[in-house]
Amino acid sequence: MKKRFYQPSLETMPLEQLRTLQLEKLKHQVLHMWNHVACYRAKMEAAGVTPDDIQTLEDISRLPFLSKSDLRDEYPYGFLAVPLSDCIRIQSTSGTTGKRVIAYYTKGDVNLWEDCCARAIVAAGGSNEDVVHVSYGYGLFTGGAGLNGGSQKLGSLTLPMSSGNTERQIQFMQDLSSTILCCTPSYAAYLGESMKSRGLGPDDNRLKAGIFGAEPWTEEMRQEIQSLLGIKAYDIYGLTELSGPGVAFECEEQKGMHINEDHFLAEIIDPDTGEVLPEGSIGELVLSSLDKEAFPLLRYRTRDICRLVRTECSCGRTFVKMARPMGRSDDMLIIRGVNVFPSQIETVLLKEGYPPNYMIEVDRVRNTDTLLIQVELPPEHFTDLLGDIQKREDHLIASMRDMLGITPKVQLVPPHTIPRSEGKAVRVIDHRKLT
Amino acid sequence: MSIQQISIFLANKPGSVSEVLNVLTDAGVDLNALTVADSSKYGVMRLIANDPQKALNALKGYAAGITDVIAVRIDDSPGKLAEILNLLRDEQITLEYLYAFVAPIDGSAYCVLRVPDNAVAEECLQRNGVRLASPEDLYNI
């Protein structure tokens, strides 16, 4: 049976009713942390705020922020809010930006998380008649577990492929007629490319949709994946700290992700001052869980820079939409004093007809920052004249300068020489030692 | 009369050239001429093979292509190549690059020329009695 929503009464709840539900849940969540997470209670006490002070949703701004370093400092049990005997699962962050964070889940937490993922699959057109091909990594990473759980809840046939072994991915996709692909956008592009090199075009698979997340990507990359695989590509957002993928997901409009506001409360703040910004402003996304048991978090600073938009959506969902993050403030490079996001570089490359396979190297030579972008020369752009290759590089440098405001070095390299990622793509190497 | 030259974009790193040669060897392609142009950042390998299409098919996945070039057959004696290039100079025909070699069978020398417009250069050379090499001449060395 095709459904438009997984949980219609929640996903389309009128705003006023949603506000009431959020406030009620928020009060409980604050009390839960006050009673069971000593380090957060200490922070609240230091800020002079008690659970009784939370009388409206706006009062949340009185609560102290949490950051990744707070979670690391309390590794491994500091934020655990229930007895371990009530927990049934852990997941963990990749540790790409430092020490891992471990998140705990009760049965209820897993249930809530899987609901969020099931909503995302339904929003991408999924139902129990679909074959959901999950190529996110399984294990500590939340990608595989989240979409696997959501897909099973929905009753779809779930293929727990995990990442890697591209040959097998393509074979199963063909033999079992996968209809929905879930993985990182860079792996989706890689799968598409691999299929193309085997002579398999967009009509040679049964895929209709993809749910891609866990790393920053761009609208241009979406177009590329859509045409390579012949699908509609949907964005999904989440963090292990808050549960995993499914905190927010895209609907058929493909214009921003609905945040599951019955479970998460979103704010946008000025990353420098911590001040809450009015709706529609660009700033750092701050999330609070509203009904988590084992690992509740209040005012968690995601480091993701984006914008929230609450307009009527043609899909019928009332949840606020977040624009795809421009990048994490962690990913942001400061080069010669200019803020550079890898996603800006990707945008230029795709516009100029290059594949989204690139490597960014930053270094400091004689006290000046250098930015080198290595990108693959697509076979169809080949010329036998060195001068023409140089012209291509010069043209790319000029386009990059227009986008970034600084002049990078560009190095074209032969096709398929930049390593492909099967999980989160590593695209930046920063050689600067600034400590 | 154009000769089909194979050109390949290469990274500046040890083993790039031998990798391509191994691919061509495995495909059973015979090479008759080969040159590598380098810049500080990358190289372009250019070669004449006995079967250009087969060579190109073997190089799928590389940034490689077929370039139409012309070739002249000249006597292997001093001044002969200069005479031919003077003809082109006199008509303001630019050379992008060239490479020359002596064929082992009949002792003739060949010079492969990359010019902006093959037809213009061919007309100039033929008008002046220069023997252009046919594709078969070069593929079958």
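Below, read A as the first sequence line, B as the second, and so on, with proteins coming before strands; counting in each chain starts at 1.
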Considering distance alone, list the donor-acceptor pairs between chain B and chain A shorter than 3.5 Å.
residue, atom, partner, partner atom, Å
B:Lys41, O, A:Gln411, NE2, 3.0
B:Lys41, NZ, A:Glu393, OE1, 2.5
B:Lys41, NZ, A:Val410, O, 2.9
B:Arg46, NE, A:Asp384, O, 3.4
B:Arg46, NH2, A:Asp384, O, 2.8
B:Tyr97, OH, A:Asp384, OD2, 2.4
B:Arg114, NE, A:Asp384, OD2, 2.9
B:Arg114, NH2, A:Asp384, OD1, 2.8

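Of all the heavy atoms in A:Pro415 and B:Gly61, the pair that sits closest is CB-O, 3.5 Å. Closest of all the heavy-atom pairs between A:Pro414 and B:Ala11 is CG-N, 3.3 Å.
Contact of B:Ala64 with chain A is made through the backbone alone, with heavy-atom distances under 4.5 Å. Contacts between B:Ile6 and chain A at a heavy-atom distance below 4.5 Å are absent for every atom of the residue.
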